[in-house]
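Both counts, for ligands and for their atoms, begin at 1 and track the order of listing.
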Amino acid sequence: MGKSPDKIRLGFIGIGARGTGQLALTLKRKDIVVTAVCDIDKERVANASQMVQDAGMPKPTSYDNGPYDYQKLLASNEVDAVIISTPWVWHTPMAIDAMEAKKAVGLEVAGAFDIQECWALVDAYEKTGTPFMILENVAYRRDIMAVLNMVRQNLFGEIIHMQGGYQHDLRAVKFNNGKQLYGGGVEFGEKAYSEASWRTNHSLNRNGDLYPTHGLGPVANYIDNNRGNRFVYLTSTASKAKGLNEYIVEHPKGGKDHPNAEVDFLLGDVVTTVIKCAKGETIVLTHDTNLPRPYSLGFRVQGTDGIWMDLNDGIYIEGKSPPHEWEKDAEYMKKYDHPLWKKYESDTEGAGHGGMDFFVIHAFVEALKANEPMPMDVYDCVSWAAVTCLTEQSIANGSEPVHFPDFTRGKWMTRKPIFGFDDRY
Ligand SMILES: NC(=O)c1ccc[n+]([C@@H]2O[C@H](COP(=O)([O-])OP(=O)(O)OC[C@H]3O[C@@H](n4cnc5c(N)ncnc54)[C@H](O)[C@@H]3O)[C@@H](O)[C@H]2O)c1
């Protein structure tokens, strides 16, 4: 990969809300140097460049010359790896171009548009052998990793059923006034800023689970997806779509006469999906981003000996817990705390989303330095992301069952689980 002896030379493609956060985290590390920054927004590039210099690194090369300037960054020999944090339509072309240019890829999360796109990612990875990691941060949440320990130590017995989802009131993310990140107006598309300028269009035109990985990635690791198990088929059902319209009509900057009050959003407010796995488990996945609600990913893990849920911080283990009563999970969380969290707790301070964002960058960089497989790889990425286009298909056809392709081409039967087994990353 042509890396410098002890430092990975990183380029950032897309330095908006998420990319800036990832950049700030990365700049705290002594084993990376940020050599290139790229965005179509010149201000964001200038800001990122300044952040890099303020961290004591040399001025990175700026790529801000339009939507394809990232290809120049990829062609340069000043980067070993890239972090891609762009709008969803760019993920696959950028990741494929990066793999072909032999730049290791850390890719932000998204859902897929179609199955061909998923295969194109797999093919590029298999053809080039370039390291690829999907940056699914929730997999590293502290309770999620403690429960991974519990699952592996058989606390719940044989796993039967799991739940998770993206249950996050995004109304103030999907609409703003074109000037600020969250809220302040009911504009989307060209008149809006950050995610409201692109993400909301997906709610307008698509009906499916648009953001599956935060809910699915963590539980997929519990059942060794693509490593002894795999998703076989799903069925999906969408509720009616009302929340976004109501938000526009009731917003002080909106109202029933605002042009956006006429817009018909296709995305059902609550999309519920059931995934059936090869080893017989079921997973219920929820996408719920258009209605008032507190944030909760709604995890549940249930086996022949017990159950855990995050919503009530509750656990019940038959024979250990008082009969038919939830116990609070705090003691279990301490007892089963994952070695990674014990080891790196102090490094997680200030990292986003309760510290879990530290681990996802950490894993990417450490696996690269060690020249070892990424803990969440291209097969994980596509099997989770495929949920989006498969749910669109299921919903469009009256909740019909839709089969997952076997993206591993049979290797799921022999691949060994690696996520969370290593106390380095
Ligand atoms: N893992 C997480 O917790 C998490 C949190 C937030 C966002 N995300 C993901 O991160 C990604 C980015 O989201 P965001 O919130 O930063 O959005 P954003 O709109 O704030 O940032 C996207 C950036 O990409 C830039 N861009 C667009 N086209 C480009 C191109 N062709 N070349 C270079 N730059 C380009 C935009 O100018 C913008 O600065 C999305 O996939 C989103 O789902 C993940």
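Across Gly14, Ala192, Gly111, Ser194, heavy-atom proximity to atom 18 (P) of ligand 1 is greatest for Ser194. Among Arg44, Arg18, Glu195, the residue whose heavy atom lies nearest to atom 5 (C) of ligand 1 is Arg18.
The aromatic rings of Tyr140 and Phe359 sit parallel to each other, their planes meeting at less than 30°, with 60° as the upper class boundary.
One finds no salt bridge joining Lys242 and Asp269 here, because no Lys/Arg side-chain nitrogen approaches an Asp/Glu carboxylate oxygen to under 4.0 Å. By the 4.0 Å N-to-carboxylate-O rule, Glu108 lies close enough to Arg18 to be salt-bridged with it. With salt bridges taken as basic N to acidic carboxylate O contacts below 4.0 Å, none links Lys30 and Asp347. We find that Lys72 and Asp69 are joined by a salt bridge, their nearest charged nitrogen and carboxylate oxygen being less than 4.0 Å apart.
In summary, the atoms of ligand 1 found under 4.0 Å from a heavy atom of Met94, numbered by their order in the structure, are 30 (C), 31 (N), 32 (N). Proximity to Val109 (heavy-atom distance under 4.0 Å) selects the following atoms of ligand 1: 41 (O), 43 (O). If you number the atoms of ligand 1 from 1 as listed, the ones under 4.0 Å from a heavy atom of His91 come out as 41 (O). Per-residue contacts place Trp88 under 4.0 angstrom from the following atoms of ligand 1 (heavy atoms of the residue considered): 40 (C), 41 (O), 42 (C), 43 (O).
Ligand 1 does not have Tyr70 within reach: every non-hydrogen atom of the residue lies 4.0 Å or more from it. Close to ligand 1: Ser85, with a non-hydrogen atom less than 4.0 angstrom away. For the pair Tyr211 and ligand 1, a heavy-atom separation below 4.0 Å is found. The shortest separation from a heavy atom of Trp198 to ligand 1 is under 4.0 Å, placing the residue in contact. For His214, the closest heavy-atom approach to ligand 1 falls below 4.0 Å.
The protein atom (non-hydrogen) at minimum distance from atom 44 (C) of ligand 1 is Glu108 OE1, 3.1 Å.
Phe404 and Tyr233 have their aromatic ring centers separated by at least 6.0 angstrom. Checked against a 6.0 Å centroid threshold, the rings of Tyr425 and His362 do not count as neighbours.
Considering backbone and side-chain atoms together, Asn137 places an N or O closer than 3.5 Å to an N or O of ligand 1. Ligand 1 has a nitrogen or oxygen under 3.5 angstrom from a nitrogen or oxygen of Ala17. Residue contacts with ligand 1: Arg199 is placed with no nitrogen or oxygen under 3.5 Å of a nitrogen or oxygen of the ligand (distance criterion only). Checked against a 3.5 angstrom limit, the closest N/O atoms of Asp39 and ligand 1 fall inside it. Considering both main-chain and side-chain atoms, Pro87 never comes within under 3.5 Å of ligand 1 through any nitrogen or oxygen pair.
The side-chain tip of Arg199 points at the ring of Tyr211 from less than 6.0 angstrom away and within 45° of straight on.
Taking all atoms of both residues into account, the shortest heavy-atom contact from Val82 to Leu10 is N-CD2, 4.3 Å.
Here Ala110 has no heavy atoms under 4.0 Å from ligand 1, in either its backbone or its side chain. Using a 4.0 Å cut-off between heavy atoms, Trp90 contacts ligand 1 through its side chain alone, with no backbone atom that close.
With rounding to the nearest 0.5 Å, the separation of NZ in Lys369 from NZ in Lys7 is 10.0 Å.
Residues Asp54 and Gln50 bring a donor and an acceptor atom of their side chains to less than 3.5 Å of each other.
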